[in-house]
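Notes follow once the structure below has been shown.
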Protein chains: 2
Amino acid sequence: MKRKKPTIHDVAAKAGVGLGTVSRVLNDHPAVRHETRARVLRAMEELGYAPNPHARRIAGGRSYTVSVLLPFVATEFYRRLVEGIEGVLLEQRYDLALFPILSLARLKRYLENTTLAYLTDGLILASYDLTERFEEGRLPTERPVVLVDAQNPRYDSVYLDNRLGGRLAGAYLARFPGPIFAIAVEEEPDRAFRRTVFAERMAGFQEALKEAGRPFSPDRLYITRHSQEGGRLALRHFLEKASPPLNVFAGADQVALGVLEEAVRLGLTPGRDVRVLGFDGHPFAEEAGLSTIAQPVEAMGARAAQLLLERMRGYQGPPREVRFEPVLVERASTGTPPAALYVP
Amino acid sequence: MKRKKPTIHDVAAKAGVGLGTVSRVLNDHPAVRHETRARVLRAMEELGYAPNPHARRIAGGRSYTVSVLLPFVATEFYRRLVEGIEGVLLEQRYDLALFPILSLARLKRYLENTTLAYLTDGLILASYDLTERFEEGRLPTERPVVLVDAQNPRYDSVYLDNRLGGRLAGAYLARFPGPIFAIAVEEEPDRAFRRTVFAERMAGFQEALKEAGRPFSPDRLYITRHSQEGGRLALRHFLEKASPPLNVFAGADQVALGVLEEAVRLGLTPGRDVRVLGFDGHPFAEEAGLSTIAQPVEAMGARAAQLLLERMRGYQGPPREVRFEPVLVERASTGTPPAALYVP
DNA sequence: CTGAAAGCGCTTACAG
DNA sequence: CTGAAAGCGCTTACAG
């Protein structure tokens, strides 16, 4: 019933060419005549050929795989990031292996030389601040490493200017009447990761408010974990301190969504009684009509993958820094027409 | 500086044996004299030899890898489950590849024959109810499949008796004076997964309460997402309906933790003013002194891995069902001495 | 631009 | 119990 999977030999025979030629077609080698390539491609098609990645790995002496180490938090941010990385990698016939870092012990194990992650040609490390965990702030690996959503002078780093995002948020909300509140997101203390992005957002936010002549008072800050319910609690808290209309900057879209949810539950009108501004620009924010500071997460992932690919191909230059800028997107939750871009 | 990694040839030469013998030692083949084995092992040690998994895969014609497909939710439950699975797999020199199912589209892609997950020798599917998504409730793959935290008559299934867990909770809380409340956990509607475990827990809970002569009234149920803040909101809600002391069953430890947190914030004493019972038996529950219905997650994962390994080795019998039973663990949050096991 | 050959590092019958 | 050989499905110089 099930015949054996076709191999490169079958393709070569069918196309009437040598093995090497088939391999070249597979690898997009330029030195193949157009017509030959077409013939090989057709043979593959007809045979239903799919290359065996393991054979490729042993013959090529590489793994054709990139490890992505990321915090074990299932948020939309990482979904988008992985999507961005994967897009670039698959195009180059690289596989992506995900290593959720459940603990620091596990991160170290990942880097041991007997482990899967180690057998990989390069790694992308997301959101991890290296300096505090490893000696000299270097990972114990000789493979190329690229950081994303993090920064370190020793590695190529792709990151968002979170402070600028906070500034955009502050400058924007300062235009509205009514008191201004903010929700900061706090990480679980027992995580292997400590992120500074939320603190940076808040710092930029307070900076901009001050410059606008509306300094932020600390008692208008609510701190919660990264959950929608956290946003609900925050709004309740704010409403004990002030009456609508009020303005809320949430450090993450998901939390902002909770503010919106609670506002509606309480019979308040978002965009009028409660103006809500999120941070992230996730797709669900658009559906919810949530104004937000959008970050190009997929593009950041893609860029990180490109930098890594270059390193894996031998690029030896000094560490590179790629800084992305967030953008304010206005929607109904701040009472403005949907999808309009705010240009200061 | 960096010499080439040693191969099986180097080991064979150093130990003064043939290639085959080294391979046999690697694979725990019984037909190797004890002394020979020791010699080979020593040679490996001295050389710092580590087998190349890719070579193994192509020579053996198998991937020596198991795919674990699981929902993209980073909870303690999945951390424990993966740990249990991995323990068994690594022992047998199998690798584990994690595939977080970000969407249904992605699940389908995982099963396509060009994709990584497909190249695997078997798969473990966690928490997924197949029947509603695929024709005839079968996955489009010919590899062995084992379900864990889920049940389907067509596949080996390893699961917890969640209803029993709910019953234990109900029978236990019925012993205490004061009103009884419950918190049900709801899944995000847009997830590719729909889990029935939380509903089963609640059904068992209400069943037991009824049998105890203390039927549960629907207005004492609060529904929230799986977050600690959800527990905080729930307790606030309950306190609007009744005064302490009151009893709360939370469908998940994390939510129960939020109840505890809020109780303390409000100056109430857990175990006296508010009795809280969780569900899961996660390590953090012990630290928090949280009474809970404990499930042996690691053991469930390990069992699933064993069943799969048997199938991969050719076992052809009919689908097997392995049912695990939860256990009530009493701690301070219900006012009882820590770590005592409740035996009805 | 293309073919034939060597080789990647293992596993697996097959003899002995 | 053990060795020598064939083979897994590719990639990569090397000729031409």
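Computed over heavy atoms, backbone and side chain alike; hydrogens, waters and symmetry mates excluded. In what follows, chains are A, B, ... by sequence order, proteins preceding strands, each numbered from 1.
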Contacts of Arg311(B) that satisfy side chain to side chain donor-acceptor pair (under 3.5 Å) - sequence neighbours left out: Asp156(B)
For Glu91(B), what residues pass the side-chain contact (heavy atoms from CB on, under 4.5 Å) criterion, not counting sequence neighbours? none
For Arg56(A), check side-chain contact (heavy atoms from CB on, under 4.5 Å) against everything at least two apart and list the hits. Asn27(A), Tyr64(A), Arg93(A)
Can you give the donor-acceptor pairs under 3.5 Å from side chains of residues 295-309 of chain B to other protein atoms, not counting sequence neighbours?
unit_1	atom_1	unit_2	atom_2	d
Gln295(B)	NE2	Asp280(B)	OD1	3.0
Glu298(B)	OE1	Arg80(B)	NE	3.2
Glu298(B)	OE1	Arg80(B)	NH2	3.0
Glu298(B)	OE2	Arg80(B)	NE	2.9
Arg303(B)	NH1	Gln306(B)	OE1	3.2

In residues 34-46 of chain A, which ones come under 4.0 Å of DNA chain C, going by heavy atoms? Thr36(A)
Pairs under 3.5 angstrom only: tabulate donor-acceptor contacts from the side chains of residues 6-14 of chain B to other protein residues two or more places apart or in another chain.
unit_1	atom_1	unit_2	atom_2	d
Thr7(B)	OG1	His9(B)	N	3.1
Asp10(B)	OD2	Thr7(B)	N	2.7

For Tyr49(A), all residues meeting side chain to side chain donor-acceptor pair (under 3.5 Å), sequence neighbours excluded: none
With Arg33(A) via side-chain contact (heavy atoms from CB on, under 4.5 Å) - residues at least two apart: Glu35(A), Thr36(A)
With the sugar-phosphate defined as primed atoms, P, OP1 and OP2, and the base as all remaining atoms, what B/S/- string results for nucleotides 6-16 of chain D, 5' to 3', for protein heavy atoms under 4.0 Å? -BBBBBBB---
Sequence neighbours left out, what passes side-chain contact (heavy atoms from CB on, under 4.5 Å) with Arg24(A)? Give chain and number order. Thr21(A), His29(A), Val32(A)
Could you work out, with ring-ring contact (aromatic ring centres under 6.0 Å, His included) as the rule, every residue matching Phe324(B), not counting sequence neighbours? none
If pairs are Watson-Crick or G-U with both distances under 3.5 Å, what is the dot-bracket string of DNA chain C, marking crossing pairs with [ ] and pairs to another strand with |? |||.||||||||.|||
Ignoring hydrogens, what is the shortest heavy-atom contact between Leu160(B) and Glu325(B)? Give both atom names and the distance. CD1-C, 4.0 Å
